[in-house]
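Each remark here refers to the structure printed beneath this line.
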Amino acid sequence: MLIDVREGLAQGEALDMRQASPAIEFDGRIEGSNNLADMAGSELVIVTAGMARQPGSSRADLAETNAKMASSIVQEIVRYAPKCKIMMVTNPVDAMTYLAAKQSGFERNRVFGMSGILDALRYRSYLATELGVSREDVGGLVIGEHGDRMIPLVNYTTVSGIPIKRLLTADKIKRIMVKTKSSGMDVIGLKGSTAHAPAAVIAIMADAVLRGRNRVMGASVVPEGEYGLKDVAVGLPIVLGSNGVERIVELELDEREERQLKDAADSIQSTIRQANPKAD
Ligand SMILES: NC(=O)c1ccc[n+]([C@@H]2O[C@H](COP(=O)([O-])OP(=O)(O)OC[C@H]3O[C@@H](n4cnc5c(N)ncnc54)[C@H](O)[C@@H]3O)[C@@H](O)[C@H]2O)c1
């Protein structure tokens, strides 16, 4: 069920997708609607409504406007799909995930945000290009803020099990980390918005939940003491399955990464306050 406030948009997208479905052998239903009540009974609700970044603006700039929009949608989710899992996509996604968790009152496993998996996809694609190897063989995790304070975990990046540090110089890895941070804005600068990469990872996350795949990835979650953090939503490695966040995977980080993670959490907390001064 696709829902959008703009008259005809979700219905048009649904019709376009239905026409594509024979090509991918999809026999499920796809409908469009302008009415949030049509989410009734959903197992998973994916929130993508909201303003997107413009060239030169940051995700945090969207905080106040999108918090209001997300808040009214979360109220309707609680009303029409009280048993669902919520996946936030709307930016700034870490702050929006925290506010959705607080406002819904759902158990923490049922609210998460799409973030680290997308950053990792971009990181992996740049590494693969640099090495001239298949993108599929490059594995890596990105945690922290979905923004300037994202942290690609170099010590946990491998190519078919080979540590990346054996294959690339520190300098090359650093350049790719910098490029990963600006990767979303690089696309926005060229074509106005991002679509294919976010859509691909949203599909992976939905599949993990709906089929109970227990996939391991970075996502925005509300820690309850893991990594020494609480009262925030931040990108951490998780196992994503039929209950949503099955668990947070606690990894050993080096001192620098620990400091960066703390900085990321502090920055997200200030975005949360900016988005909703009453969130405390
Ligand atoms: N987490 C991520 O990695 C990630 C990736 C891409 C985009 N985003 C974010 O997702 C959001 C959407 O981006 P986009 O490029 O699809 O923007 P878009 O402008 O193409 O789409 C947003 C849609 O939301 C709809 N909308 C607005 N208010 C609504 C409401 N109350 N109920 C239902 N629909 C409503 C609008 O009509 C519009 O069609 C932005 O905040 C963007 O920054 C996040």
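Start at 1 and go down the list; that is how both ligands and their atoms are numbered.
- What sits closest to atom 6 (C) of ligand 1 on the protein, heavy atoms only, is T194 OG1, 3.4 Å.
- In this structure, atom 8 (N) of ligand 1 lies nearest to the protein heavy atom N91 ND2, 3.4 Å.
- A salt bridge is absent between D61 and R53: the closest approach of a Lys/Arg side-chain nitrogen to an acidic carboxylate oxygen does not fall below 4.0 angstrom.
- Shown here, atom 24 (O) of ligand 1 is in close reach of the protein: a heavy atom of it lies under 4.0 Å off.
- Of the candidates K165, R166, K172, L168 forms a side chain to side chain contact (heavy atoms under 4.5 Å, CB included) with just one, namely K172.
- Contact annotation for L36 and ligand 1: no heavy atom of the residue comes within less than 4.0 Å of the ligand.
- Within a 4.0 Å radius of atom 20 (O) of ligand 1, the protein contributes no non-hydrogen atoms.
- Taking atom 13 (O) of ligand 1 as the reference point, the nearest protein heavy-atom neighbour is A52 CB, 3.8 Å.
- With respect to the salt-bridge test (charged N to carboxylate O, under 4.0 angstrom), the residues D266 and K262 qualify.
- Hydrophobic clustering of Ile, Leu, Val, Met, Phe, Trp and Tyr side chains at less than 4.5 Å, counting indirect connections, unites L167 with Y126.
- Ion pair R256/E258 not flagged as a salt bridge, since none of the NZ, NE, NH1 or NH2 atoms sits closer than 4.0 Å to an Asp/Glu carboxylate oxygen.
- Protein heavy atom closest to atom 12 (C) of ligand 1, with residue, atom name and distance, is T48 O, 2.9 Å.
- Contacts between P198 and ligand 1 below 4.0 angstrom, taking non-hydrogen atoms only, involve the side chain exclusively.
- Counting only heavy atoms of the protein, atom 40 (C) of ligand 1 lies nearest to M51 O, 3.1 Å.
- Looking only at heavy atoms of the protein, atom 32 (N) of ligand 1 is closest to V5 CG1, 3.5 Å.
- Of the protein's heavy atoms, G50 O, 3.5 Å lies nearest to atom 22 (C) of ligand 1.
- Distances between N or O atoms of M114 and those of ligand 1 include at least one value under 3.5 Å.
- Under the side chain to side chain contact (heavy atoms under 4.5 Å, CB included) criterion, L121 pairs with R124, A197, V201, sequence neighbours left out.
- Among the atoms of I3, none of the N or O lies under 3.5 angstrom from an N or O of ligand 1.
- Among all protein heavy atoms, the one lying closest to atom 3 (O) of ligand 1 is H146 NE2, 2.9 Å.
- Salt bridge annotation for E107-K83: absent, with no cationic side-chain nitrogen under 4.0 angstrom from a carboxylate oxygen.
- Checked against a 3.5 angstrom limit, the closest N/O atoms of D4 and ligand 1 fall inside it.
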